[in-house]
Amino acid sequence: MADSPLLSIQGLQIKFPRTEGDFCAVDDVSLAINRGEILGLAGESGSGKSLTALAVTHLIPPPGQIIGGRVIFDGVDVASLAPADLLNLRGGRIGMIFQDPMSALNPTFTIGYQISEAYRLHTTATPAAARARTIEFLERVGIRDAPLRVDSYPHQLSGGMRQRVMIAMALICEPDLLIADEPTTALDTTVQVQILDLLREMREQLGLSILFISHDLAVVSELADRVAIIYAGNLMEILPAKSLANAACHPYSTGLLATLPTIEKRGRRLPVLEGMLEDADRERPGCPFAPRCPAAIGACSQEMPVLNQLSERHFAACHLIGGSL
Ligand SMILES: Nc1ncnc2c1ncn2[C@@H]1O[C@H](COP(=O)(O)OP(=O)(O)O)[C@@H](O)[C@H]1O
Ligand SMILES: [Mg+2]
């Protein structure tokens with residue numbers, strides 16, 4: 001089992017019933033995360049990143065439903081888990097952090113209480129042992145004066161410190177997988193860099209795998225080992241982060257890359273990716289990116305291309321690449 005991926009999402013489909021017809025929010029997403037790997041998931045807002053993350057622990061908000069595909073975690077189909085085992089997975093073997101720590105933390109309890117609760121829920125630790133471990137984890141995530149800070153309330157901390165608290169809470173049970181959904185989006189750039197460094201360090205220390213999600217491809221490629229690019233609920237391209245700049249070839253990926261500032265582009269106006277993701281683009285046959293794609297050909301509006309393997313660790317779903325027709 002050690003060689004198999006820690007997490008494998010296969011052909012995931014999620015729909016929301018709407019009066020005007022079902023809305024397919026995630027159409028076809030397949031991903032695997034190896035042990036100790038950081039997989040980045042990037043794509044514009046509304047592309048299905050958060051829902052994909054929530055599907056891992058079956059937390060899709062109703063009336064949303066998983067209507068196809070499977071999630072296999074450490075060799076076990078998550079759909080087959082008994083309710084108690086699913087609860088143990090959430091926060092136990094899989095830790096989660098989200099964009100806005102203020103809404104995830106309860107303002108009326110100390111951070112120490114909230115972190116140790118997460119620990120006590122999944123272990124038989126005594127309150128004293130849970131408090132000691134909470135202080136240890138606050139130190140690990142870089143909170144100074146942890147024995148004093150443990151009794152602070154969320155509003156007494158800065159945004160960056162609150163996000164560190166969330167990371168401590170997600171990691172206190174030493175999960176195998178951390179799902180971090182836009183964990184740095186609400187933070188200043190300098191704090192963002194510190195949080196990315198912290199996640200890297202935690203991966204080393206705890207041997208974690210991380211699913212790191214951001215709408216910002218630059219942030220994702222900075223941290224991840226491999227990058228998956230998603231559009232309108234479909235996986236468009238997946239490749240090693242270090243070859244992203246040179247080898248990415250899907251027109252959506254290259255379009256996103258062109259919008260990123262680099263030293264070479266300094267002083268020049270950055271291009272924008274024309275158009276936006278429209279709900280109607282999901283309903284039409286073919287590739288949902290076709291209406292915005294500068295390279296689209298006839299086939300693109302007729303049939304969704306399959307994900308083609310271009311090299312050992314590089315896949316792309318485009319009629320113009322790898323000859324899927
Ligand atoms: N609770 C919900 N009810 C209805 N539609 C939703 C809900 N959550 C997400 N969606 C829709 O599903 C699509 C994907 O959402 P999401 O996964 O949150 O995107 P992302 O995280 O990439 O911005 C969006 O178009 C969004 O409007
Ligand atoms: Mg999201």
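Only this structure's heavy atoms are used, side chains among them; waters, hydrogens and symmetry mates stay out. Whatever order the structure lists them in is the order used to number ligands and atoms, beginning at 1.
Applying the 4.0 Å criterion to heavy atoms of R282 picks out, from ligand 1, the atoms 25 (O). Atoms of ligand 1 lying under 4.0 Å from at least one heavy atom of S45, given by number and element, are 23 (O). Applying the 4.0 Å criterion to heavy atoms of S47 picks out, from ligand 1, the atoms 19 (O), 20 (P), 22 (O). Of all atoms in ligand 1, numbered sequentially from 1 with element shown, those under 4.0 Å from a heavy atom of P61 are 1 (N). In summary, the atoms of ligand 1 found under 4.0 Å from a heavy atom of A25, numbered by their order in the structure, are 12 (O), 13 (C).
Note on S45: not counted as a metal contact of the Mg ion (ligand 2), no N/O/S atom lying under 2.8 Å.
Nearest to atom 20 (P) of ligand 1 among the protein's heavy atoms is G46 N, 3.5 Å. Looking only at protein heavy atoms, the nearest one to atom 27 (O) of ligand 1 is R18 NH2, 4.5 Å.
Partner of I66 under the side-chain contact (heavy atoms from CB on, under 4.5 Å) criterion, out of V26, V78, I60: I60 alone. Paired with R292 under the rule salt bridge (Lys or Arg N to Asp or Glu O under 4.0 Å), one option of E44, E274, E278 passes, and it is E44.
In this structure, CG on L199 lies 8.5 Å from CG on L208, to the nearest 0.5 angstrom. Here H250 contributes atom NE2 and I229 contributes atom CD1; the two are 9.0 Å apart, rounded to the nearest 0.5 Å. Interatomic distance, OG of S221 versus CG of L260, reported as 7.0 Å (0.5 Å rounding).
Contact annotation: for K15 versus ligand 1, there are no heavy atoms closer than 4.0 Å. Heavy atoms from both the backbone and the side chain of S50 come within less than 4.0 Å of ligand 1.
Polar contact check, L51 against ligand 1: a nitrogen or oxygen pair lies under 3.5 Å apart. Considering backbone and side-chain atoms together, T52 places no N or O closer than 3.5 Å to any N or O of ligand 1. Polar contact with ligand 1: absent for F23 (N/O pair, distance under 3.5 Å). Residue F16 has no nitrogen or oxygen atom sitting less than 3.5 Å from a nitrogen or oxygen atom of ligand 1, judged on distance alone. Looking at ligand 1, you won't find any N or O of D279 less than 3.5 Å from one of its N or O atoms.
Protein heavy atoms are found less than 4.0 angstrom from atom 11 (C) of ligand 1. Within the 4.0 angstrom cut-off, atom 22 (O) of ligand 1 has one or more protein heavy-atom neighbours.
Grouping the Ile, Leu, Val, Met, Phe, Trp and Tyr side chains by contacts below 4.5 angstrom, directly or via other members, places Y153 apart from F137.
For the residue pair A170 and P175, the shortest heavy atom distance occurs at O-CG, 3.4 Å. For A42 against V220, the heavy-atom pair with the smallest separation is CB-CG2, 4.0 Å. In terms of heavy-atom proximity, M236 sits nearest to M304 at CE-CE, 4.2 Å.
Using a non-hydrogen distance threshold of 4.0 Å, G48 registers as a contact of ligand 1.
Checking side-chain atoms of Q163 against main-chain N and O of F98 turns up a donor-acceptor pair under 3.5 Å.
The shortest distance between side-chain heavy atoms of Q114 and P154 falls below 4.5 Å.
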